[in-house]
S.K.: 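Quick one: the structure is below, and I'll ask about it shortly.
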Amino acid sequence: MPRSVGRKLLVPTYRVHVRGETLQTVVGTENRKMATHQARLGYIRDSVAEFREGKTSLRRLVDDIEFTVQSLDPGPVRDDLRPLAGTLEEIYAVALDRGELDDLPATTVTTLDEVLSTIATAIEPGPSS
(Lines give C-alpha, C1' and ligand atoms only; values in the text may rest on other atoms or scores of the structure.)
Protein backbone atom coordinates (compact mmCIF):
# COMPACT_ATOMS: atom_id res chain seq x y z
CA MET A 1 0.00 0.00 0.00
CA PRO A 2 1.39 3.43 -0.90
CA ARG A 3 2.47 5.57 2.02
CA SER A 4 3.27 9.24 2.20
CA VAL A 5 6.31 11.00 3.55
CA GLY A 6 5.73 14.68 3.93
CA ARG A 7 3.81 15.59 0.80
CA LYS A 8 5.28 12.87 -1.42
CA LEU A 9 3.36 9.67 -2.02
CA LEU A 10 5.65 6.65 -2.03
CA VAL A 11 4.64 3.77 -4.28
CA PRO A 12 6.43 0.42 -4.10
CA THR A 13 8.84 0.08 -7.00
CA TYR A 14 10.42 -3.22 -8.06
CA ARG A 15 13.18 -4.01 -10.49
CA VAL A 16 12.80 -7.19 -12.51
CA HIS A 17 16.08 -9.10 -12.74
CA VAL A 18 16.99 -12.10 -14.85
CA ARG A 19 20.48 -13.51 -14.41
CA GLY A 20 21.61 -10.33 -12.68
CA GLU A 21 20.46 -8.00 -15.46
CA THR A 22 17.81 -5.39 -14.69
CA LEU A 23 15.22 -5.76 -17.42
CA GLN A 24 12.40 -3.57 -16.22
CA THR A 25 11.29 -1.34 -13.36
CA VAL A 26 7.73 -1.92 -12.21
CA VAL A 27 5.59 0.36 -10.08
CA GLY A 28 3.00 -1.16 -7.77
CA THR A 29 2.64 -4.63 -6.39
CA GLU A 30 -0.20 -5.70 -8.72
CA ASN A 31 1.99 -5.40 -11.78
CA ARG A 32 5.10 -6.98 -10.30
CA LYS A 33 4.24 -10.64 -10.86
CA MET A 34 3.05 -10.15 -14.45
CA ALA A 35 6.03 -7.96 -15.33
CA THR A 36 8.45 -10.50 -13.90
CA HIS A 37 6.80 -13.29 -15.88
CA GLN A 38 6.87 -11.27 -19.12
CA ALA A 39 10.50 -10.27 -18.56
CA ARG A 40 11.49 -13.91 -18.14
CA LEU A 41 9.65 -14.91 -21.30
CA GLY A 42 11.39 -12.02 -23.06
CA TYR A 43 14.73 -13.38 -21.86
CA ILE A 44 13.91 -16.78 -23.39
CA ARG A 45 12.84 -15.05 -26.62
CA ASP A 46 16.14 -13.12 -26.72
CA SER A 47 18.19 -16.26 -25.98
CA VAL A 48 16.53 -18.14 -28.85
CA ALA A 49 17.09 -15.20 -31.21
CA GLU A 50 20.77 -14.93 -30.23
CA PHE A 51 21.25 -18.65 -30.82
CA ARG A 52 19.58 -18.51 -34.23
CA GLU A 53 21.79 -15.54 -35.15
CA GLY A 54 24.89 -17.52 -34.17
CA LYS A 55 25.72 -15.16 -31.29
CA THR A 56 25.58 -17.83 -28.59
CA SER A 57 26.27 -21.53 -28.22
CA LEU A 58 23.84 -24.40 -27.84
CA ARG A 59 25.17 -24.94 -24.30
CA ARG A 60 24.39 -21.34 -23.38
CA LEU A 61 20.91 -21.60 -24.92
CA VAL A 62 20.19 -24.75 -22.92
CA ASP A 63 21.45 -23.12 -19.71
CA ASP A 64 19.44 -19.93 -20.29
CA ILE A 65 16.21 -21.75 -21.02
CA GLU A 66 16.53 -24.28 -18.21
CA PHE A 67 17.38 -21.56 -15.68
CA THR A 68 14.56 -19.30 -16.79
CA VAL A 69 11.93 -22.07 -17.00
CA GLN A 70 12.77 -23.11 -13.44
CA SER A 71 12.24 -19.52 -12.29
CA LEU A 72 8.75 -19.23 -13.83
CA ASP A 73 5.73 -19.52 -11.57
CA PRO A 74 3.85 -22.81 -11.90
CA GLY A 75 1.32 -22.71 -14.70
CA PRO A 76 0.61 -23.70 -18.28
CA VAL A 77 3.55 -21.84 -19.85
CA ARG A 78 6.03 -23.45 -17.46
CA ASP A 79 4.37 -26.83 -18.02
CA ASP A 80 4.72 -26.39 -21.80
CA LEU A 81 8.35 -25.26 -21.61
CA ARG A 82 9.71 -27.89 -19.21
CA PRO A 83 9.69 -30.84 -21.65
CA LEU A 84 11.05 -28.59 -24.42
CA ALA A 85 13.95 -27.56 -22.19
CA GLY A 86 14.55 -31.26 -21.53
CA THR A 87 14.59 -31.99 -25.25
CA LEU A 88 17.15 -29.23 -25.79
CA GLU A 89 19.30 -30.73 -23.04
CA GLU A 90 19.08 -34.15 -24.73
CA ILE A 91 20.06 -32.67 -28.10
CA TYR A 92 23.06 -30.99 -26.49
CA ALA A 93 24.11 -34.10 -24.54
CA VAL A 94 23.96 -36.37 -27.60
CA ALA A 95 25.86 -33.88 -29.77
CA LEU A 96 28.50 -33.48 -27.05
CA ASP A 97 28.85 -37.23 -26.62
CA ARG A 98 29.23 -37.78 -30.37
CA GLY A 99 31.58 -34.82 -30.84
CA GLU A 100 29.10 -33.11 -33.17
CA LEU A 101 28.68 -29.73 -31.44
CA ASP A 102 30.59 -27.85 -34.13
CA ASP A 103 28.76 -29.52 -37.01
CA LEU A 104 25.31 -30.80 -36.07
CA PRO A 105 23.76 -33.42 -38.39
CA ALA A 106 20.86 -32.25 -40.56
CA THR A 107 18.33 -34.34 -38.61
CA THR A 108 19.50 -32.77 -35.35
CA VAL A 109 19.27 -29.27 -36.86
CA THR A 110 15.72 -30.02 -38.01
CA THR A 111 14.71 -31.29 -34.56
CA LEU A 112 16.38 -28.30 -32.91
CA ASP A 113 14.55 -25.89 -35.19
CA GLU A 114 11.21 -27.59 -34.41
CA VAL A 115 11.86 -27.33 -30.66
CA LEU A 116 12.82 -23.64 -30.94
CA SER A 117 9.71 -22.93 -33.00
CA THR A 118 7.55 -24.67 -30.40
CA ILE A 119 9.22 -22.62 -27.64
CA ALA A 120 8.54 -19.42 -29.60
CA THR A 121 4.87 -20.39 -29.92
CA ALA A 122 4.61 -21.26 -26.21
CA ILE A 123 5.95 -17.86 -25.11
CA GLU A 124 4.01 -15.69 -27.54
CA PRO A 125 1.94 -13.12 -25.71
CA GLY A 126 -1.70 -14.14 -25.60
CA PRO A 127 -4.65 -11.88 -26.43
CA SER A 128 -4.99 -10.86 -22.77
CA SER A 129 -1.32 -9.76 -22.46
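Keep in mind the model is a prediction, meaning the values are calculated, not measured.
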S.K.: Is there a side-chain contact between Asp64 and Ile44, using heavy atoms and a 4.5 Å cut-off?
M.R.: no

S.K.: Mind listing the closest non-hydrogen atom pair of Leu81 and Ala122 along with its distance?
M.R.: CD2-CB, 3.9 Å

S.K.: Does anything in residues 84-100 pair up under salt bridge (Lys or Arg N to Asp or Glu O under 4.0 Å), and if so which pairs, sequence neighbours excluded?
M.R.: Arg59-Glu89

S.K.: Looking only at atom types and distance, does a side-chain atom of Arg82 sit under 3.5 Å from a main-chain N or O of Val69, one as donor and one as acceptor?
M.R.: no

S.K.: Judged by atom type as modelled, is there a donor-acceptor pair below 3.5 Å linking the side chain of Arg78 to the main-chain atoms of Leu72?
M.R.: yes

S.K.: Could you pull out all residues at least two apart from Asp80 that satisfy salt bridge (Lys or Arg N to Asp or Glu O under 4.0 Å)?
M.R.: none

S.K.: Are Leu84 and Val109 linked, directly or through other ILVMFWY residues, by side chains that come within less than 4.5 angstrom of each other?
M.R.: yes

S.K.: Walk me through whether Thr87 and Leu112 qualify under side-chain contact (heavy atoms from CB on, under 4.5 Å).
M.R.: CA-CA 9 Å; Thr87 301; Leu112 183 58; over 6 Å; no

S.K.: Taking all non-hydrogen atoms of both residues into account, name the closest pair between Thr56 and Ser47 and its distance.
M.R.: CG2-O, 4.1 Å

S.K.: For Leu96, check side-chain contact (heavy atoms from CB on, under 4.5 Å) against everything at least two apart and list the hits.
M.R.: Tyr92, Leu101

S.K.: Looking at residues at least two apart in the chain, or sitting in another chain, which of them share a side-chain hydrogen bond (donor to acceptor under 3.5 Å, both in side chains) with Ser117?
M.R.: Arg52

S.K.: If we only count heavy atoms from C-beta on, is the Leu61 to Leu116 side-chain gap below 4.5 Å?
M.R.: yes

S.K.: Suppose we screen for side-chain contact (heavy atoms from CB on, under 4.5 Å). Which residues come up paired with Thr108, at least two apart in sequence or across chains?
M.R.: Ile91, Leu104, Pro105

S.K.: Which pair of non-hydrogen atoms, one from Tyr43 and one from Thr68, has the smallest distance, and what is that distance?
M.R.: CD2-OG1, 3.3 Å

S.K.: Could you state the interatomic distance from NZ (Lys55) to CG (Asp46), rounded to the nearest 0.5 Å?
M.R.: 10.0 Å

S.K.: For the pair Thr36 and Asp73, evaluate side-chain contact (heavy atoms from CB on, under 4.5 Å) and give the outcome as yes or no after the intermediate values.
M.R.: CA-CA 10 Å; Thr36 300; Asp73 289 332; over 6 Å; no

